**Student:** 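One structure follows; several queries about it will come next.
Here the structure is a predicted model, which is why all the values come from computation and not from measurement.
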Amino acid sequence: MRRREDLPLITGSGAYLADLRLDGMLHAGFIRSDEPHALVEEVRIPPKVAAFTAADLGLDRPMPDLHPHPLLDHAHRPAPLAGREVCYVGEPIAVVLADRPETATDLRDRVEVEYTPLPSVGDPRLALEEDSPPVHLGDTSNRVARLSVTFGDAETALRRADEVVEVRLRQHRGAAVPMETRGVLAVWDESRETLTVWTSTQSPFGVRRVIAEYLSLDPDRVRVVAPDVGGGFGPKAAVYPEEVVVAALAIRLGRPVRWLEGRRENLTCMLQQRDQFWTLRGAFDRNGGILGIEGHVVHDNGAYVPYGLLLPATSLRLISGPYRIESVDVALDSVYTNRVPTSPVRGAGRPHAVFALERLLDTAARALGMDRAEIRRRNLVRPGDMPYQVPIPLPGERPSPTTRATTRPPWKRPWKPAVGTVSRRGDARPPPGDANGVWVWPCTWRTPAWPRRTPPSRDCCPTARCSCWSEPRARVRVMPPPSLRWRRTTWDALPNRSRWKPATPAWCLPGAPPWPAGPRSRWPTRRPVRHEAWPSC
């Protein structure tokens, strides 16, 4: 199957946000905070500089919450432009406009902001202490929420274990650094009262919802277009303040407004990842069997909660991995700090749990004098254990009897644990003295809803390019890492075209025929389309 989406990109005919230009377009530049925590006393704007603050545009109230959670009792969400208080370096305070992007950058540097610095905290472990300064004025605690996973009796397992090992790990912060930085272009049509927004995003529907709700617009009159996106990796799935500000400016001025993020802004202001501190204690018998795991995790959420508890919850729910573990008692504290907020990036918390669990097994192997591959083989879930009940529910939900591993692996050959070293020549183990080898880590991946035999309903979203199934069932498959699995990177790799699905899917398009049965070579193909959030969708 030949890929169809590459030719425009490799021949230079793709259309990124920076390639879009409209007549009369204005360019925006954002004045950002230089302080991690401070009160904004005054914004001094030089003469003949078109600058707007939160008070000028009425953008000082928090943005809507796209990811609510019952445990978020005091979730702080950012405002498009900061009002009185700034809580991290890079938080937008004001915006300037010019006819050229270079002029907007020069005018941005001429705007001065007077601050009153406040105590700040950057270490989430220190932010949990009682005498720690509050990240947000008026808060009595910097804890966002506490999540926990408990099953079995981990305390008893630690007492009767032959070997107890402990690891302390820090998974430092990181930036996504996409090839294309963020950008927004908004156009307001006064005659039709419609707003069109082009943005480099992974979530056009989320951007459309927030803009319509925040600016009190009819969602049917807001259209969001995601052109060719030069890398997203997760942070571009969030809705940013700049998208709301640019849309508000286009409506107020009646002219197209565009903002392109610089690389320094991208490294400073775009949502970041990780910064987690893990403390795990594992109980093992003399044969290397895992009796129980006990621990505590501190997750740095940054100054705001743009993505709910998705990232810390995903890190916690996979703590058992693909292993047979009798008991687990692990708690996670998500904490506010005066740093850039964090979001899911390339794995959305799954690598965090895999890294911590595998390091614990490495430490146990050294303590027991065992081979690192052998201790994993002895604890892996075997085909004979299927269906294997996974006792970890989603945080805030009850365990479901359908949350279990599938009885049939998604490839033709019988499943065998992929643990050990392999050489580049394809041998099971490299010959003595051969250093050309890689280590293979097992992991667990939580899959989306599994389809039933009932046909999809077309009433949910008549124009959505997706497959909507009734009576979904969530299942978990234990499998090797994605690099070892059969995978396709074409349009047919969408979830409703996987070759192991037992049902007959159909596209939710008016008049679309059912998906034909038969080998995948006869499956029809579709051209990739740009993701757009159209009105009335």
**Student:** Counting distance only, does the side-chain N/O of Q272 pair as donor-acceptor with the main-chain N or O of R173 below 3.5 Å?
**Tutor:** no

**Student:** Taking 4.0 angstrom as the limit, do E242 and R32 come out as a salt bridge?
**Tutor:** yes

**Student:** Which of these passes side-chain contact (heavy atoms from CB on, under 4.5 Å) with P235: L271, V177, T342?
**Tutor:** L271

**Student:** Quick one: does R255's side chain have a donor or acceptor within less than 3.5 Å of a partner on G24's backbone?
**Tutor:** yes

**Student:** Between T181 (side chain only) and E261 (backbone N and O only), is there a donor and an acceptor less than 3.5 Å apart?
**Tutor:** yes

**Student:** State whether the side chain of R350 and the backbone N or O of G347 hold a donor-acceptor pair below 3.5 Å, judged by distance alone.
**Tutor:** yes

**Student:** Can you list everything that forms a side chain to side chain donor-acceptor pair (under 3.5 Å) with R192? Sequence neighbours excluded, please.
**Tutor:** none

**Student:** D228 side chain to A15 main-chain N or O, any donor-acceptor pair under 3.5 Å?
**Tutor:** yes

**Student:** Holding to side chain to side chain donor-acceptor pair (under 3.5 Å), I want the full list of residues that pass it with T53, two or more places apart in sequence or in another chain.
**Tutor:** D56

**Student:** Among N338, V340, D34, V86, which one satisfies side-chain contact (heavy atoms from CB on, under 4.5 Å) with E91?
**Tutor:** V86

**Student:** Heavy atoms, side chains only, cut-off 4.5 Å: are Y214 and L59 in contact?
**Tutor:** yes

**Student:** Can you see which heavy atom on V144 is nearest to which on V335, and at what distance?
**Tutor:** CG2-C, 3.8 Å

**Student:** Is there side-chain contact between Y88 and V135, with heavy atoms separated by less than 4.5 Å?
**Tutor:** no

**Student:** Find out whether V354 and L318 are in side-chain contact, i.e. whether some heavy atom of one side chain is under 4.5 Å from a heavy atom of the other.
**Tutor:** no

**Student:** Restricting to side-chain contact (heavy atoms from CB on, under 4.5 Å), what partner residues turn up for P351, sequence neighbours left out?
**Tutor:** none

**Student:** Using only atom types and a distance under 3.5 Å, with no angle test, would you say the side chain of K236 pairs donor to acceptor with the backbone of R182?
**Tutor:** no

**Student:** Write down the atom of Y336, the atom of A75, and the distance for their closest heavy-atom approach.
**Tutor:** OH-CA, 3.4 Å

**Student:** Would you mind reporting whether H27 and T103 have side-chain heavy atoms less than 4.5 Å apart?
**Tutor:** no

**Student:** Indicate the atoms forming the closest heavy-atom contact of R61 with G58, along with that distance.
**Tutor:** NH1-O, 3.1 Å

**Student:** If we ignore hydrogens and angles and just use 3.5 Å, is the side chain of N266 paired with the main-chain N or O of C269 as donor and acceptor?
**Tutor:** no

**Student:** State, with a plain yes or no, whether a side-chain heavy atom of H299 is found less than 4.5 Å away from one of L316.
**Tutor:** no

**Student:** Donor-acceptor pair, distance only, cut-off 3.5 Å: does the side chain of S13 make one with the backbone of P8?
**Tutor:** yes

**Student:** Can you give me the closest heavy-atom contact between W188 and A250, atom names plus distance?
**Tutor:** CB-O, 3.6 Å

**Student:** Determine whether a donor-acceptor pair (N or O, by modelled atom type, separation under 3.5 Å) exists between the side chain of R258 and the backbone of R21.
**Tutor:** no

**Student:** Using modelled atom types only, decide if a donor and an acceptor are shared between the side chain of Q202 and the backbone of G234 within a distance under 3.5 Å.
**Tutor:** yes

